[in-house]
**Student:** 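The structure under discussion is supplied below as structure tokens; questions concerning it will follow.
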Amino acid sequence: MKKWLMLDCVAMLLSSVCYAVSTVVKQWLFDTITDVAAGNTTYRVLIIVTICVVLFQIGNELLNAVCNFTWSPAMKSMVGSLKQKLHRKIARLPGNLFEDVKVLECIEKANLGADKCYAVYNAIATILLFYVPYFIVFGIYLWRLKPILFLTLLFIFLPLVFNLFIRKRILEKQVDETIPLQREKDYYETELFSRETFKENRLYGSYSFFRKKFVSVNTLFCKKKWKSAKKAGGVDLGMRSLTLAGYLGIILLLLYSMMEGSISIGAFAAVFSSITTLITFMNDAIGNHLGSLFDNFGFVKKYLEFFDLPEETSEEGEIGWHDKVEVKHVSFCYPGTDQKVLEDVSFEIQKGETIALVGENGAGKSTLVRILSGVLIPDAGEVLVDGKNLFSVCQEDRFRYVSAVFQQFIKYQMSLRENVEISAQDSDYEKMKHCVQKSEIFLDECFPQGYDTMLSREFDGIDLSGGQWQRVALARGLYRDSRIILLDEPTSAIDPVEEGVLYRKFQKMIQNKMGILVTHRLGSARIADRIVVLKDGKVVEQGTHEALLGRRGHYEKMYQEQAKWYEQGR
């Protein structure tokens with residue numbers, strides 16, 4: 001939008017000069033009126049001068065209209081471009097960083113910074129191209145009229161500048177203290193009113209619990225905001241008192257100069273009528289635009305700092321997933337902690353083989369799946385795919401033939417067809433239909449528009465049960481043209497019988513592919529060619545279901561514990 005910005009800048013500059021020259025034009029009109037009253041000129045001259053002044057004001061208003069018109073498209077274009085750069089940067093960040101709270105806060109601040117960038121540009125452009133030319137032209141006019149009038153402007157200007165810098169320091173401190181509270185407050189507010197949580201809130205009566213949390217955080221948030229507001233307000237009151245004194249000084253000097261005859265009545269009237277505009281412009285330039293510049297530049301600085309976050313340095317390359325995957329001595333711990341979630345994990349996956357990862361909660365199963373999918377980068381060790389390091393290539397090549405269905409999958413508020421086909425550039429109706437059928441999704445009366453049924457009540461569609469949504473997620477995973485499929489407990493909302501049926505169909509569908517299955521139900525793990533048992537982040541056993549039971553180790557103990565529940569159920 002360079003043309004829009006150039007037009008905006010030219011219009012602001014011309015409008016600035018017009019506002020400043022309007023004082024001279026007013027003096028011309030007032031002096032002409034005085035001459036007509038004294039009989040020194042004719043009414044014909046007054047009419048001509050009046051017409052010129054009116055045309056001048058019309059031109060000034062047209063320039064203002066141009067500035068107002070160009071503001072919106074220029075702002076939207078700039079913010080949109082900055083958001084695109086932000087999104088591309090986020091896409092290049094290592095997945096590990098998204099586990100760091102500080103990085104998440106950095107992303108949030110950078111997102112705010114993208115929104116504030118136009119405000120910074122607009123403040124700089126308005127100050128340099130509108131207010132500075134206006135003050136220069138008006139100052140020259142006052143200096144030529146009477147130099148002391150120009151000097152008195154400092155009594156208006158300096159207090160406003162001091163006020164700005166003091167307020168800036170107060171507000172910077174307040175922003176640093178309130179950003180974490182704002183995030184916490186927003187979280188509690190979401191828990192109070194979101195559609196996903198209202199059922200449990202009503203059932204358990206937890207509304208009052210979250211409300212107390214929200215009120216507590218909000219009270220602290222408001223106290224900090226009010227504390228800084230009182231400080232800033234007190235400083236503002238004192239400095240504006242000095243500005244008012246400067247304003248009164250200019251009025252008295254004008255009266256004195258007119259009485260002694262050093263300026264004409266027209267000059268007095270012109271300056272007197274413009275002095276209010278001058279002070280308004282000073283307040284706006286310093287208090288609003290310069291203040292906006294300082295207030296928002298902190299966010300813009302966060303936006304710029306965000307681009308200093310490390311990116312993945314991997315280059316383009318081919319990861320085929322043709323023959324086997326070797327996990328060699330992989331260790332991992334999440335940012336901000338020294339506790340190892342995975343420690344010295346090693347095993348292999350052959351083409352056409354299905355591996356089941358089992359273990360108690362916290363054993364590291366989901367973390368290992370994220371590493372195998374290429375999302376998380378291990379702290380030590382390596383994942384070799386056909387002998388090539390998985391993390392030696394860029395994300396696009398790394399994920400090209402990988403499909404995964406996670407336990408916390410996304411419920412896209414789109415049609416059933418779009419939910420399944422979202423990973424593909426082009427739609428393939430027959431392939432989509434096949435994946436839906438294989439995932440045991442039956443298009444009965446619950447899907448009034450068939451595959452085009454909207455899966456969202458917010459958009460006049462339908463809502464699905466947890467089990468139905470998991471089938472949709474499974475169909476989405478099967479639709480992707482993949483050579484390895486990872487299932488991280490995607491059927492937790494489906495009963496064991498249905499889960500077994502789906503897993504057996506899944507086993508048939510991934511023939512000649514690699515499959516990794518994470519499940520808590522050890523009975524379902526029997527479909528795997530090999531089971532890898534994790535405990536405290538380490539591989540403690542590997543083998544088939546029958547072989548592991550024969551070893552009477554950790555797997556056999558877990559299996560017997562689960563079997564007791566089924567026996568008690570009988």
**Student:** Indicate yes or no: at least one non-hydrogen side-chain atom of L487 is less than 4.5 angstrom from one of I516.
**Tutor:**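 They are not in side-chain contact.
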**Student:** Under the ring-ring contact (aromatic ring centres under 6.0 Å, His included) rule, collect the residues that match up with F98, sequence neighbours excluded.
**Tutor:**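 F98 satisfies ring-ring contact (aromatic ring centres under 6.0 Å, His included) with no residue once adjacent residues are dropped.
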**Student:** So S331 and V345, do their side chains get closer than 4.5 Å, heavy atoms only?
**Tutor:**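 A side-chain contact is absent here, since even the closest heavy-atom pair is not under 4.5 Å.
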**Student:** Is there a donor-acceptor contact under 3.5 Å from the side chain of K301 to the main chain of N296?
**Tutor:**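 No.
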**Student:** Sequence neighbours left out, what passes ring-ring contact (aromatic ring centres under 6.0 Å, His included) with F130? Give chain and number order.
**Tutor:**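 Result, ring-ring contact (aromatic ring centres under 6.0 Å, His included) vs F130: Y19, F281.
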**Student:** Write down the atom of F459, the atom of M454, and the distance for their closest heavy-atom approach.
**Tutor:**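 In terms of heavy atoms, the two residues are closest at O-CG, 3.7 Å.
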**Student:** For residues C106 and L309, report the shortest heavy-atom separation together with the two atoms involved.
**Tutor:**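 So the minimum-distance heavy-atom pair works out to SG-CD1, 4.3 Å.
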**Student:** I need the minimum non-hydrogen distance between I371 and L390, along with the two atoms involved.
**Tutor:**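 Where I371 meets L390 most closely, the heavy atoms are O-CD2, 3.8 Å.
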**Student:** Is the closest side-chain heavy-atom distance between Y118 and V300 below 4.5 Å?
**Tutor:**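 SC-SC contact between Y118 and V300 ruled out.
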**Student:** Suppose we screen for side-chain hydrogen bond (donor to acceptor under 3.5 Å, both in side chains). Which residues come up paired with Y451, at least two apart in sequence or across chains?
**Tutor:**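 Applying side-chain hydrogen bond (donor to acceptor under 3.5 Å, both in side chains) to Y451 gives none.
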**Student:** Quick one: ring-ring contact (aromatic ring centres under 6.0 Å, His included) partners of F332, sequence neighbours excluded?
**Tutor:**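 Residues passing ring-ring contact (aromatic ring centres under 6.0 Å, His included) with F332: Y334.
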**Student:** Counting only pairs under 3.5 Å, give me each side-chain donor-acceptor contact of residues 212-228, with atom names and distances, residues two or more places apart or in other chains.
**Tutor:**
residue: T219; atom: OG1; partner: V215; partner atom: O; Å: 2.6
residue: S228; atom: OG; partner: K224; partner atom: O; Å: 3.4
residue: S228; atom: OG; partner: K225; partner atom: O; Å: 2.9

**Student:** Using side-chain heavy atoms (C-beta onward) and a distance below 4.5 Å, is M558 in contact with V358?
**Tutor:**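 When only atoms from C-beta onward are counted, V358 and M558 do touch, with a gap below 4.5 Å.
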**Student:** Is any side-chain heavy atom of D463 closer than 4.5 Å to one of L455?
**Tutor:**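 No; the side chains remain at least 4.5 Å from each other.
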**Student:** More than 12 non-hydrogen atoms from neighbouring residues, nucleotides or ligands closer than 6.0 Å to NZ on K116, yes or no?
**Tutor:**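 It does not: K116 NZ has 12 such atoms or fewer within range.
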**Student:** From H289 NE2 over to L293 CG, what is the distance, rounded to the nearest 0.5 angstrom?
**Tutor:**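 Taking NE2 in H289 and CG in L293, the distance rounds to 10.5 Å.
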**Student:** Is there side-chain contact between E312 and F391, with at least one heavy-atom pair below 4.5 Å?
**Tutor:**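 They are not in contact (no side-chain heavy atoms under 4.5 Å apart), so the answer is no.
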**Student:** With sequence neighbours left out, which residue pairs that include part of residues 356-365 fulfil the side chain to side chain donor-acceptor pair (under 3.5 Å) condition?
**Tutor:**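 Qualifying pairs: E360-H554, N361-H520.
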**Student:** Indicate yes or no: at least one non-hydrogen side-chain atom of F447 is less than 4.5 angstrom from one of L464.
**Tutor:**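 SC-SC contact between F447 and L464 confirmed.
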**Student:** Looking only at non-hydrogen atoms, find the nearest pair between G364 and L342 and report the distance.
**Tutor:**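 Closest approach of G364 to L342: O-CD2, 3.5 Å.
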**Student:** Ring centres under 6.0 Å, that's the criterion: do F409 and F406 meet it?
**Tutor:**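 Ring centres of F406 and F409 not closer than 6.0 Å.
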**Student:** Ignoring hydrogens, what is the shortest heavy-atom contact between G450 and L416? Give both atom names and the distance.
**Tutor:**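 That would be O-CD2, 4.4 Å.
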